[in-house]
Structure formats: C-alpha cells, structure tokens
Amino acid sequence: MKVAVMGYGTVGSGVVEVIEKHSDSLVKKTGGKSIEVSRILDLRDFPGDKHEKLFTKDFNDILNDKDIAIVAETMGGINPAFDFTMKLLKAGKSVVTSNKELVAQRGLELLNAAQESGTNYLFEASVGGGIPIIRPLAQCLSANNIEGIVGILNGTTNFILTMMIEQGMQFDEALKLAQEKGYAEKDPTADIQGHDACRKVCILASLAFGKHVYPNQVETEGITNITLEDVSYINSAGGVIKLLGQIIYISDDKIAAFVSPAVVYNGSQLASVKDVFNAVLVRGDAVGDVCFYGPGAGKLPTASAVVADIIDCAKHTDRKKIFGWGEGSPDYVVDYKSSVKMLFYIRAKASCTKINSVFGEVKYLTRKGQPSDEVAFITDIMTENELNKLLLDVDGIEVINTIKVTNY
Ligand code: HSE
C-alpha cells in the first residue's frame, strides 16, 4: 500500500525511517500488504536526503494520487493541516496524525468526515508520544465509568522540571537543552505555558467522556512561575513539582479539566516519571487505577505510534475503526476553582502568626537560605476560590507562588 507523509520534521522523518527499517515485518503485521512511502510533502528543501525523489511541495500530488490510501499528517498546527486532512478524508483516504492541536481543536469535524466517507482518522500519537493510551482508553477500559484522569502529558516541561529538581539547573538552560534534543514544539511557548498539555487533556477528556472538549474550556497554567526556591521547599516536604493535566468526572453532563503545575508526593507513581517521559493515570470504577508510562516526545517514540496507526488503517481498509465523540457544549466543563477541593502550597512574604490566625495550624516547609520574612506552607483542603478568599484575610501578605497539591 502506498502511504504519503505530510511534514518531514522530527516526527515525519521518524515515520519514514520506521517504515523503511521495518518494511519486512510490516508485511506480516498488515496481513500481507507492504507499506511503501511514495510521497513526502514539505515546503522546505532537503538537499542530499535519500528520499529526494519522493518530495513534493504540492498537496495535490497526494490528493490526486489514487494509489495513496493512507496519509500520515505530521505537519502540526491547524492550517493547512485541517484543510488537507478534510480533503483527504473526503477523497476516501485514511489519515493518521500526531497533531494534537488539530485533534483538540477540530477533531470532531474530522472524525465526522471520516465516518461519512468510511475512512479512518486515527491519532494515537497525539497524546503521550509513544505511549499507547488512545486505544486503551477507547477500547480496553471501555467497561469502566472513568472517574478521573491525571497525566504528565508534556515531555519538554517534565524534562525541564527534572533538570531543575535533580541538577539545580535554571529554567532557561533546561529549556535550551530540551530544544536541542528535539522534544519541544516549534514554538516552545506551547510547552512551557501548558498549551500542549491542554490539547492532550482535551483529547483524553473527549475520548473518555464522549463530548468534545475544546482548549478554551480548559484553564491552563504553565511552569514559567516555578523557581528553584519552590522546588527546594517542596523537596523538604518529600515531593516534586510536575505539570499535570487533570480531568475529573462530576456527572454525565459535567466534568472539570485543567492544566497546572502540581505538587506530587514521592509515594505517587507520577513522582518517579522523569525527563521526557510521560505518564497517564486513569481511574476507572471497575479497574481502579491504571498507569500508562513511556517516552512522551521525540522522533522514534512518536513515529512508533504513527506507524502503528498506519498498520491499523492498512488492516482495516474495509472496516471502520470507531474512535470518536460527539458535540460538546459551553457549560460542559465546569469552573474547577469553585467545584474541586484540594490542598495548596503557598509561598509568601508573611508572618506565621498572621498565617495561623487565618489558616489555623498548617504544615510549614523550609529551604536552605530561606529569608526570615518568607514562609511556605501547605493548606488544608479547600477550593481555589475559598483559598483566594482566605488569603485576602491575611493582613499584609504578599503571595509569591501558589501551587496545587494533587491527591494522586
Ligand atoms: N512538545 C511535545 C512534548 C511533543 O514536549 O511533549 C510531544 O507532544
């Protein structure tokens, strides 16, 4: 079967590499069909690349090629990826993608188009890089009512935080290293501000609960406010800071979903997820907690998931795979600040006497070099709105940082 790859960046070139390296075994895995990359779409030139003859800058070379049945979209971004994917699906070609931004923002339209044309639109690589999570959630866990999902969903930020925690590295230096290793998005703002994790939360929430969740419904905070001082205080409490995406079932027509840095205590499975690794913990009413762990970014891990989708499309040319969800609604994702209770870490300029007068007995944390007018403590359980109200009552407090504490 002929396959095209759109976007020859880190992931796209990995897809071509994996297909070529495994060409013999792919024949067995597809039930006798060989997989051959026959076109690569990219606007850039790749002089000297051994695939030079396959390159095109014209999308129509793929759309109009009747022999191409499956297309891997590894371009990223909404446009022109959306237009291209829609045209391909309508033309009867299956599309597989690593493009979480597109699936999170416009996945429903594309899934509906695939449904109408009897093709497949698969996106295993869009969440967790090489970790199998889309199929397990859609199929293996489908007997459960999902109670919650929490994940370390961005490799770049997990790498940065690990470098800060374990090497005492400054944020900028760690980000530069993550970019050099090819983990970060083209614009790393999407990583460090939490937008990439937010898109993955949208995909997981849509899949788990059956209604499209859009990025603007998921309150998102990145890791740029995290300092080595916070890392040090939290270390003294036996925990680490992770960027977490959290999804909480509230009722059949309500969920909470948010992305933020969070304190994870060392006993948690999530605390030991380091470097570029990701983990997704799913809590089901029948199964309990299951945790999926693996490399969340990078060329070959992500290509591994894309190529698995290609194999699945090749195996199911006559049978549609059912992964999908329905329409969402504006009030489907509730304001977590008024509805989800948790503990909080607070670092502030304030006296213990004033903190205790409002918060009662709290657990104070310490760090080396702690200034005499600085306190750090863990609150009791409350909503974020309740916390903010209490902080207003602490005379003269100057809050430096607030971080959620997870109970996973
Ligand atoms: N920039 C993303 C990350 C790539 O660091 O996780 C994989 O989605």
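Each ligand, and each atom within it, is numbered from 1 in the order the structure gives. Everything numeric in this text was worked out from a predicted model, so none of it was measured.
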- prompt: So, the side chain of T162 versus the backbone of D275: is there a donor-acceptor pair under 3.5 Å, distance only?
  reply: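 Yes; at least one donor-acceptor contact below 3.5 Å.
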query: Are the side chain of S232 and the backbone N or O of L228 linked by a donor-acceptor pair below 3.5 Å?
result: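 Looks like no, no N/O pair under 3.5 Å.
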Which atoms of ligand 1 are found less than 4.0 Å from any heavy atom of [X]?
X: G296; answer: 6 (O), 7 (C)
X: G155; answer: 3 (C), 5 (O), 6 (O)
X: K100; answer: 4 (C), 7 (C), 8 (O)

task: Check whether any side-chain heavy atom of H51 sits under 4.5 Å from a side-chain heavy atom of E20, and report yes or no.
output: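 The answer is yes; the side chains approach within 4.5 Å.
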field: Side-chain heavy atoms of I146 within contact of Y249, under 4.5 Å
entry: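 Side chain of I146 against side chain of Y249, heavy atoms only: no contact under 4.5 Å found.
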task: Answer with side chain, backbone, both or neither: which part of A178 has a heavy atom less than 4.0 angstrom from an atom of ligand 1?
output: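 Looking at A178 and ligand 1, no heavy atom falls under 4.0 Å.
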- prompt: What part of V276, side chain, backbone, both or neither, has a heavy atom within less than 4.0 angstrom of ligand 1?
  reply: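 Neither; no heavy atom under 4.0 Å.
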query: Heavy-atom contact under 4.0 Å between G129 and ligand 1?
result: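 Judged by the 4.0 Å heavy-atom criterion, G129 does not count as contacting ligand 1.
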message: Quick check: A297 and ligand 1, any N/O pair under 3.5 Å apart?
response: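 No, A297 has no N/O under 3.5 Å of an N/O on ligand 1.
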message: When you compare ligand 1 with D191, is there at least one nitrogen or oxygen pair between them that comes in under 3.5 angstrom?
response: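 So ligand 1 has an N or O lying under 3.5 Å from an N or O of D191.
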- prompt: For atom 2 (C) of ligand 1, which protein heavy atom lies nearest, and how many Å away is it?
  reply: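 The closest one turns out to be E185 OE2, 3.1 Å.
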message: Considering non-hydrogen atoms of the protein only, which is the closest contact for atom 5 (O) of ligand 1, and what is the distance?
response: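 I find the closest protein heavy atom is T156 OG1, 2.6 Å.
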task: Applying side-chain contact (heavy atoms from CB on, under 4.5 Å) between V282 and each of V287, I247, V290, report the one that passes.
output: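 The single option meeting the side-chain contact (heavy atoms from CB on, under 4.5 Å) with V282 is V290.
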Minimum heavy-atom distance P330-Q217, with the two atoms named: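 In this case the closest contact between P330 and Q217 is O-NE2, 3.6 Å.
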Ring centre gap for F55 and Y8 strictly below 6.0 Å: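 Distance test on ring centres: under 6.0 Å, yes.
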